[in-house]
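Below: one structure, written as structure tokens.
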Amino acid sequence: MIRDKGCGEIKESDRGLTLTLSGWIFRRRDHGGLIFVDLRDRSGIVQVVFSPDVSGEAHELAHDLRSEYVISVSGEIRKRPDGTENLSIPTGMVEMYVNKLEVLNESSPLPFGIEDAGDASEALRLKYRYLDLRRPEMQRNLIIRHKVTKVIRDYFDEKGFLEIETPVLTKSTPEGARDYLVPSRLNPGYFYALPQSPQLFKQILMVSGFEKYFQIVRCFRDEDLRADRQPEFTQVDLEMSFTDREDVIKVIEGMMKKLFKDVMDIEIITPFERLGFHESMERFGNDKPDLRFGLELKEMADLSQKGSFKVFLDALQSGGRIKAINGKGMANLSRREIDMLTEEAISFGAKGLAWIKVKNGFESPIAKFFPEEILKEMAQRLEAEEGDLMLFVADKEKVVFDVLSRMRLEFGKRLNLIGSGYKFAWITDFPLLEWNDEKGRFEAMHHPFTSPMDDDIEKMLTGDMNNKELLFSLRAKSYDIVLNGYEIGGGSIRIHRRDVQRKMFELLRISEEEAKVKFGFLLDALEYGAPPHGGIALGLDRLVMIMVGALSIRDVIAFPKTSKASCLMSGTPSTVEPKQLKELYIKTDLP
RNA sequence: GGGGUGGUAGUUCAGCCCGGUUAGAACGCUGGCCUGUCAAGCCAGAGGUCGCGGGUUCAAGUCCCGUCCACCCCGCCA
């Protein structure tokens, strides 16, 4: 052993002990006579002192030390002289007087400093990821991620769940995201797909009678990347038998409570707030609201109708909606700045943005179209006071929600309304189906195995299939969990009745043969006594990202990919030998 | 596939609008001095394919076109 303790573990009680420490040189301060080195390992930093009075040999050798050399030092731990304590580090009361120094390895000068690597470009950090990961912040992120998975495993174990692995080489399912494909050498022309999620397998495990399954599992989706989306990501996946929505919700709330308590020492209040899908859309314009601030969307159709502004009246005439938000304290915006807001709205899909300043009465190009009382009522509804800016969008419902939800978030950031803390919510009562205009048919909003609400099953089985209104009104037994404006998970109670599943495929215009080809093995399994079951999958990367306060999941993944899905460190993806392609019966056909 | 931002010393950036001397700064690096620093200090020094390719011009880091890479967003992500 070439160390007795971690650098960050040295305490005043170690005073007088002679210890050996090993680590990397974080910083060196060479005074000629005295040399100070901040020695770093995973546990933290401690100052070691090289003095000719203690060891001339070690002191001589220490002149040649450089950043990130790996060294081992032995010496006495002493209290620092009065007035030289460093209160900014936990070990700042003590230091080691080195009498023996061994250089275990040297280091080339670094492409960027470890202490301020946060300022280095992300491309550089990703190329030298092993150096980036030396940063205390990145170490902390990955340590927290470890603790999170450990607590999750302990929690589910206590609750009687079994962690069971499912295949990584699996079957391509045409619905959903684009699959990553793996050619089969033994079956020329055939392909495996990497799983988008273990959905079908976990349901089959329920048919097999395992009753409670979970897995912390890598999933793959070949879609474009975002700050919170990587092509390979990790799900906390679970499924339970003889269960309903409330059971799943309770299990997850318990898990989150324990997670935040054990990992962060933060008390999370349960049960979480619940919002119906429609309520969430009306109040926030999306189904993953950030509940840390207000600025809610307000209905303006009724009041708008009492004015004579043609754009508003036309929007309502053609079945559109009018809603507004309050730009708190933004009445001092110049015409130019409001034009920029309008451009932003247009980039979000709006045709324009109507505004009314609450400033010495009402100031707006459209104020003249409304009686004073109506303007006052508008302001009252938006809780707009002197100095605020009311912003209206009149358009198709989808555009109104879309534009105002983005503006709300934008204002939340700009006005610094988003406080710290963690605001969870469940979004429930999603529609079972959504209309796909391109394909001219309904699609499952969650997936085709999601059960309708009990009250809607009869409607679904006996109702008129061509009645669009009726089909739109069917609600799913599905639920999303939202944290600080991020969707961090979603799940549903599954269909376990054959007749309901058949009807579902019928509604989705999926023929029996087609269903057999796509999901045959699950449908077969459901024929043999499937228990009622349901579950949920959580995005582990997103959850940990929010917990550590990172802005991208790349900061909680050891070796992430760039937005072109490549790894700058390893040079992935890469070309392969022609021989390898030949073995797989693959010819490339590049543009 | 589309929109936006960026790419200049090892690093972070200035210079680009408005083309014109030897392309600067800080940090880092190298050497020297220095016994209480903790972003140590002081002195000296080295260090550049201005992402890449083409064009305009007497002259391009600067203007134009194309292209590559990174990041953010839209589409996409049952």
Side-chain angles (χ1 to χ4, degrees), chain A residues 26-39 45-54 59 63-64 66-68 78 80-89 91-92 95 97 108-128 131 173-179 196-197 199-200 219-231 233 343-344 346-349 402-403 406 409-410 430 432-434 436 438-439 442-450 476 478 487 490 492 508 510 518-519 537 539 551-552 554 561-566 568:
Chain A
F26 192 52
R27 268 192 290 263
R28 185 183 63 113
R29 292 175 294 281
D30 189 340
H31 289 222
L34 273 183
I35 300 169
F36 300 94
V37 162
D38 293 337
L39 192 64
I45 288 171
V46 71
Q47 173 167 280
V48 300
V49 187
F50 296 90
S51 164
D53 305 339
V54 176
H59 178 259
H63 279 301
D64 295 325
R66 294 294 181 271
S67 285
E68 298 304 306
R78 294 190 204 162
R80 292 196 188 190
D82 287 345
T84 66
E85 300 89 349
N86 182 356
L87 299 178
S88 61
I89 55 172
T91 61
E95 58 195 357
Y97 281 74
S108 300
L110 300 153
F112 52 79
I114 298 300
E115 40 185 326
D116 44 31
D119 300 332
S121 75
E122 195 164 354
L124 202 67
R125 288 175 53 202
L126 290 174
K127 179 170 180 197
Y128 298 96
L131 298 179
T173 50
E175 304 267 320
R178 199 175 290 114
D179 283 321
Q196 297 175 25
S197 83
Q199 183 62 37
L200 304 183
C219 301
F220 305 86
R221 291 179 189 177
D222 187 6
E223 297 292 347
D224 287 358
L225 290 82
R226 289 283 189 284
D228 62 353
R229 273 165 37 187
Q230 284 272 307
F233 62 101
E343 292 212 358
E344 220 174 309
I346 289 170
S347 77
F348 293 152
D402 218 36
V403 171
R406 289 173 205 277
L409 278 178
E410 174 73 24
F430 282 91
L432 184 68
L433 304 167
E434 63 187 339
N436 184 323
E438 260 172 60
K439 296 179 186 160
F442 279 98
E443 285 190 327
M445 193 155 181
H446 188 55
H447 58 58
F449 311 106
T450 299
S478 67
E487 182 200 321
S492 65
L508 299 176
I510 296 177
K518 288 179 178 176
F519 319 107
L551 295 174
S552 159
R554 291 187 301 274
K561 297 195 168 45
T562 69
S563 58
K564 277 199 71 186
S566 56
L568 299 180

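Being a predicted model, the structure only gives us computed values, none of them experimental. Naming: A, B, ... by sequence-line order, numbering from 1 per chain.
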Quick one: [X] [atom1] to [N] [atom2], roughly how many Å, whole number?
{"X": "A:R78", "N": "B:G36", "atom1": "CZ", "atom2": "P", "value": "16 Å"}
{"X": "A:F112", "N": "B:C29", "atom1": "CZ", "atom2": "P", "value": "15 Å"}
{"X": "A:L124", "N": "B:G28", "atom1": "CG", "atom2": "P", "value": "17 Å"}
{"X": "A:I35", "N": "B:G41", "atom1": "CD1", "atom2": "P", "value": "16 Å"}
{"X": "A:E68", "N": "B:U11", "atom1": "CD", "atom2": "C1'", "value": "15 Å"}
{"X": "A:L39", "N": "B:C38", "atom1": "CG", "atom2": "C1'", "value": "14 Å"}
{"X": "A:R125", "N": "B:G6", "atom1": "CZ", "atom2": "P", "value": "21 Å"}
{"X": "A:N86", "N": "B:A40", "atom1": "CG", "atom2": "C1'", "value": "12 Å"}

Between [N] and [M], how far is it from one [atom1] atom to the other, in whole Å?
{"N": "B:G47", "M": "B:A9", "atom1": "P", "answer": "15 Å"}
{"N": "B:U8", "M": "B:A26", "atom1": "C1'", "answer": "15 Å"}
{"N": "B:G15", "M": "B:C63", "atom1": "P", "answer": "12 Å"}
{"N": "B:C65", "M": "B:C58", "atom1": "C1'", "answer": "22 Å"}
{"N": "B:C69", "M": "B:C27", "atom1": "P", "answer": "35 Å"}
{"N": "B:U62", "M": "B:G51", "atom1": "P", "answer": "8 Å"}
{"N": "B:G28", "M": "B:C74", "atom1": "C1'", "answer": "40 Å"}
{"N": "B:G36", "M": "B:A46", "atom1": "P", "answer": "32 Å"}

| query | Can you name the nearest heavy-atom pair linking A:E95 to A:V49, along with the distance? | reply |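 Answer, listing the atom of A:E95 first, then A:V49: OE1-CG2, 3.4 Å.
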
| said: Is it the case that over 12 heavy atoms from other parts of the model lie below 6.0 angstrom from the NZ atom of A:K127? | reply: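 For A:K127, atom NZ is not crowded (no more than 12 foreign heavy atoms under 6.0 Å).
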
Which part of the nucleic acid, if any, lies within contact of [X], taking any heavy atom under 4.0 Å across all strands shown: a base, the sugar-phosphate backbone alone, or nothing?
{"X": "A:Y97", "answer": "base"}
{"X": "A:D53", "answer": "base"}
{"X": "A:S566", "answer": "sugar-phosphate"}
{"X": "A:E95", "answer": "base"}
{"X": "A:P111", "answer": "sugar-phosphate"}

| message | Looking only at the side chain of A:L568 (C-beta and beyond, no hydrogens), which of the listed nucleotides B:U11, B:A70, B:U35 gets closest? | response |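 Taking heavy atoms from C-beta onward, the closest nucleotide is B:A70.
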
| query | Between B:G36, B:C38, B:A70, which nucleotide has the shortest distance from any of its atoms to the side chain of A:R80? | reply |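 That would be B:C38.
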
Identified pairing partner of [N], criterion: Watson-Crick or G-U wobble below 3.5 Å:
{"N": "B:C27", "result": "B:G10"}
{"N": "B:A70", "result": "B:U5"}
{"N": "B:U37", "result": "none"}
{"N": "B:C63", "result": "B:G55"}
{"N": "B:C42", "result": "B:G32"}

| message | Determine whether A:F442 and A:L432 satisfy the following criterion, side-chain contact (heavy atoms from CB on, under 4.5 Å), listing intermediate values before the conclusion. | response | CA-CA 10 Å; A:F442 279 98; A:L432 184 68; over 6 Å; no

| message | Is it the case that the side chain of A:R28 and the backbone of A:H63 share a donor-acceptor pair, with hydrogens and angles ignored and the cut-off at 3.5 Å? | response |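 Looks like yes, one N/O pair under 3.5 Å.
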
| message | I'd like to know if the side chain of A:R80 reaches the main chain of A:E85, judged simply by a donor and an acceptor atom lying under 3.5 Å from each other, with no hydrogens or angles considered. | response |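 Side chain of A:R80 to backbone of A:E85: no pair is present.
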
Presence of [X] side-chain N/O under 4.0 Å of [N] phosphate oxygens OP1/OP2:
{"X": "A:R29", "N": "B:A40", "value": "yes"}
{"X": "A:S121", "N": "B:C13", "value": "no"}
{"X": "A:R66", "N": "B:G28", "value": "no"}

| Result of checking A:I45, A:V48, A:V46, A:N86 against A:D38 for side-chain contact (heavy atoms from CB on, under 4.5 Å) |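 The single option meeting the side-chain contact (heavy atoms from CB on, under 4.5 Å) with A:D38 is A:I45.
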
| With a 4.5 Å heavy-atom cut-off, do A:S478 and A:M445 have their side chains touching? |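 They are not in contact (no side-chain heavy atoms under 4.5 Å apart), so the answer is no.
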
| task | With the side chain counted from C-beta on, respond yes when A:I114 and A:L131 share a heavy-atom pair under 4.5 Å apart, and no when they do not. | result |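 Yes; the side chains approach each other to less than 4.5 Å.
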
| task | Record whether the side chain of A:R28 comes under 3.5 Å of the base of B:C38 through a donor-acceptor pair of N or O atoms. | result |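 No pair found.
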
| said: So, taking the atom named OH in A:Y97 and the one named CZ in A:F50, what distance separates them when rounded to the nearest 0.5 Å? | reply: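 Between atom OH of A:Y97 and atom CZ of A:F50 there are 13.0 Å.
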
| query | What is the per-nucleotide protein-contact pattern of nucleotides 71-78 of chain B, from the 5' end, where B denotes a base atom under 4.0 Å from a protein heavy atom, S denotes such proximity for sugar-phosphate atoms only, and - denotes neither? | reply | BSSBBBBB

| query | Are A:F36 and the base of B:U37 stacked, counting only ring centres nearer than 5.5 Å and planes tilted under 30°? | reply |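 Here A:F36 meets both the 5.5 Å and the 30° conditions.
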
| If you find the nucleotide of RNA chain B closest to A:L110 and the one closest to A:V49, which residue's nucleotide is nearer the 5' end? |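 That would be A:L110.
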
| message | Between A:H31 and A:F36 (judged by ring centroids, cut-off 6.0 Å), do the two rings come close enough to count as a pair? | response |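 A:H31 vs A:F36: aromatic centres under 6.0 Å.
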
